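For reference, the structure discussed in these notes is given below.
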Amino acid sequence: MTNSDNKLPNTFENIYAVVDSIPFGLVMTYSQVALYSGVTNPRVVGYALSRLNTNDRNTPWQRVVNSRGKISDRSQEQMKSQRDLLESEGVCFGRNGRIDLNVYGV
DNA sequence: AATGTGACCGCGA
DNA sequence: TTCGCGGCCACAT
């Protein structure tokens, strides 16, 4: 066991681990994921998730939304699939496409 | 080593 | 209430 083996796992691994822990049917904001994974800036979480597209994992990326309870801007295609996936988990979207974080938040 | 970039967030208008 | 702008930090090049 060398000293270099003591270093913490890289940021992405931490982020993915937290996202993996989000329960079925619930959502977390980027800020929350950042907080729980030890990252200071929530933007990094979005960055990590965007890189997830290329790595196939069973990570429930759809359960991460922004602080307003809305799906973050991206291609229409991706946004629609995220919404579909969440609705299939029983998450209800309000009138302006918002999720009530007091109900579905962790 | 330096610069660019982003699935964010909070605040002021 | 919605919209625009700046600040933030870690990954990519």
Side-chain angles (χ1 to χ4, degrees):
Chain A
M1 186 72 118
T2 66
N3 293 344
S4 60
D5 291 329
N6 294 338
K7 73 177 185 172
L8 296 172
N10 64 36
T11 310
F12 280 17
E13 291 301 325
N14 285 330
I15 291 172
Y16 296 148
V18 172
V19 175
D20 285 338
S21 76
I22 305 175
F24 182 95
L26 295 182
V27 300
M28 246 188 217
T29 65
Y30 290 89
S31 295
Q32 285 177 307
V33 175
L35 193 63
Y36 283 105
S37 58
V39 179
T40 6
N41 193 339
R43 292 189 67 125
V44 176
V45 175
Y47 202 92
L49 292 186
S50 69
R51 295 283 145 171
L52 203 54
N53 289 326
T54 55
N55 320 339
D56 332 283
R57 285 184 170 232
N58 294 351
T59 303
W61 56 271
Q62 70 274 20
R63 297 179 195 150
V64 184
V65 298
N66 66 30
S67 64
R68 301 172 188 170
K70 294 209 290 190
I71 290 174
S72 297
D73 293 322
R74 222 169 345 152
S75 72
Q76 292 297 321
E77 196 179 332
Q78 296 270 317
M79 290 172 70
K80 186 185 187 309
S81 70
Q82 179 168 7
R83 177 166 178 151
D84 288 343
L85 285 168
L86 286 174
E87 288 181 328
S88 73
E89 296 187 5
V91 176
C92 295
F93 285 75
R95 204 150 164 271
N96 358 344
R98 284 197 224 144
I99 295 171
D100 189 342
L101 294 178
N102 292 313
V103 176
Y104 300 103
V106 177

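By convention in this document, chain letters (A, B, ...) are assigned in the order of the sequence lines, proteins followed by strands, and residues within each chain are numbered from 1. Note that the structure is predicted; figures quoted are calculated from it, not measured. When reading the values below, keep in mind they use all heavy atoms of this one structure, side chains included, and skip hydrogens, waters and symmetry mates.
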| note | Nearest heavy-atom contact between A:Ser88 and A:Phe24 is O-CZ, 4.4 Å

| field | Test salt bridge (Lys or Arg N to Asp or Glu O under 4.0 Å) applied to A:Asp84 - qualifying residues, sequence neighbours left out | value | A:Lys80

| task | Please name all residues satisfying side-chain contact (heavy atoms from CB on, under 4.5 Å) with A:Gln78, sequence neighbours left out, ordered by chain then number. | result | A:Asn53, A:Arg74, A:Ser75

| query | Looking at residues 32-39 of chain A, who's got a heavy atom less than 4.0 Å off DNA chain B? | reply | none

| message | So, applying side chain to side chain contact (heavy atoms under 4.5 Å, CB included) with A:Val27, which one of A:Val64, A:Leu86, A:Ile22 is it? | response | A:Leu86

| note | Taken in chain and number order and not counting sequence neighbours, the residues that satisfy salt bridge (Lys or Arg N to Asp or Glu O under 4.0 Å) with A:Arg83 are A:Glu87

| Would a hydrophobic clustering, with Ile, Leu, Val, Met, Phe, Trp and Tyr connected at side-chain separations under 4.5 Å, put A:Ile71 with A:Leu52? | no

| note | Shortest non-hydrogen pair, A:Val91 vs A:Gly25, comes out as CG2-O, 3.5 Å

| Is there a donor-acceptor contact under 3.5 Å from the side chain of A:Gln62 to the main chain of A:Gln82? | no

| Whole angstrom value for the distance that separates P of C:dC11 from CG of A:Asn10 | 7 Å

| Are A:Lys70 and A:Phe93 side-chain neighbours, meaning at least one heavy-atom pair lies under 4.5 Å? | no

| query | So which of residues 98-106 of chain A are in contact with DNA chain B, with a heavy-atom cut-off of under 4.0 Å? | reply | none

Below 3.5 Å, can you tabulate the donor-acceptor pairs from side chains in residues 95-105 of chain A to any protein atom, sequence neighbours excluded?
{"unit_1": "A:Asp100", "atom_1": "OD1", "unit_2": "A:Asn102", "atom_2": "N", "d": "2.9"}
{"unit_1": "A:Tyr104", "atom_1": "OH", "unit_2": "A:Cys92", "atom_2": "N", "d": "3.3"}

For residues 33-46 of chain A, tabulate all N or O donor-acceptor pairs below 3.5 Å that involve a side-chain atom, not counting sequence neighbours.
{"unit_1": "A:Ser37", "atom_1": "OG", "unit_2": "A:Val33", "atom_2": "O", "d": "2.6"}
{"unit_1": "A:Ser37", "atom_1": "OG", "unit_2": "A:Ala34", "atom_2": "O", "d": "3.3"}
{"unit_1": "A:Asn41", "atom_1": "OD1", "unit_2": "A:Arg43", "atom_2": "N", "d": "3.0"}

| task | Report the distance from atom CZ of A:Arg51 to atom C1' of C:dT13, rounded to the nearest whole Å. | result | 10 Å

| Same cluster (ILVMFWY, side-chain, under 4.5 Å), A:Val19 and A:Met79 | no

| task | Could you tell me from which nucleotide to which nucleotide of DNA chain B, 5' to 3', there is an atom under 4.0 Å from chain A heavy atoms? | result | B:dG6 to B:dG10

Between protein and nucleotides 6-8 of chain C, what N or O pairs are separated by less than 3.5 Å?
{"unit_1": "C:dG7", "atom_1": "O6", "unit_2": "A:Arg43", "atom_2": "NH1", "d": "3.1"}
{"unit_1": "C:dC8", "atom_1": "O2", "unit_2": "A:Asn41", "atom_2": "ND2", "d": "3.3"}

| task | For DNA chain B, find the residues of residues 19-27 of chain A with a heavy-atom distance under 4.0 Å and give them by number; none if there aren't any. | result | none

| message | So, taking the atom named OG1 in A:Thr11 and the one named OH in A:Tyr16, what distance separates them when rounded to the nearest 0.5 Å? | response | 10.5 Å

| remark: Note: contacts of residues 69-96 of chain A with DNA chain B (heavy atom, under 4.0 Å) are A:Ser72, A:Asp73, A:Arg74

| query | If you find the nucleotide of DNA chain B closest to A:Arg68 and the one closest to A:Val45, which residue's nucleotide is nearer the 5' end? | reply | A:Val45

| field | A:Ser72: partners by side-chain contact (heavy atoms from CB on, under 4.5 Å), with sequence neighbours left out | value | A:Tyr30, A:Asn66

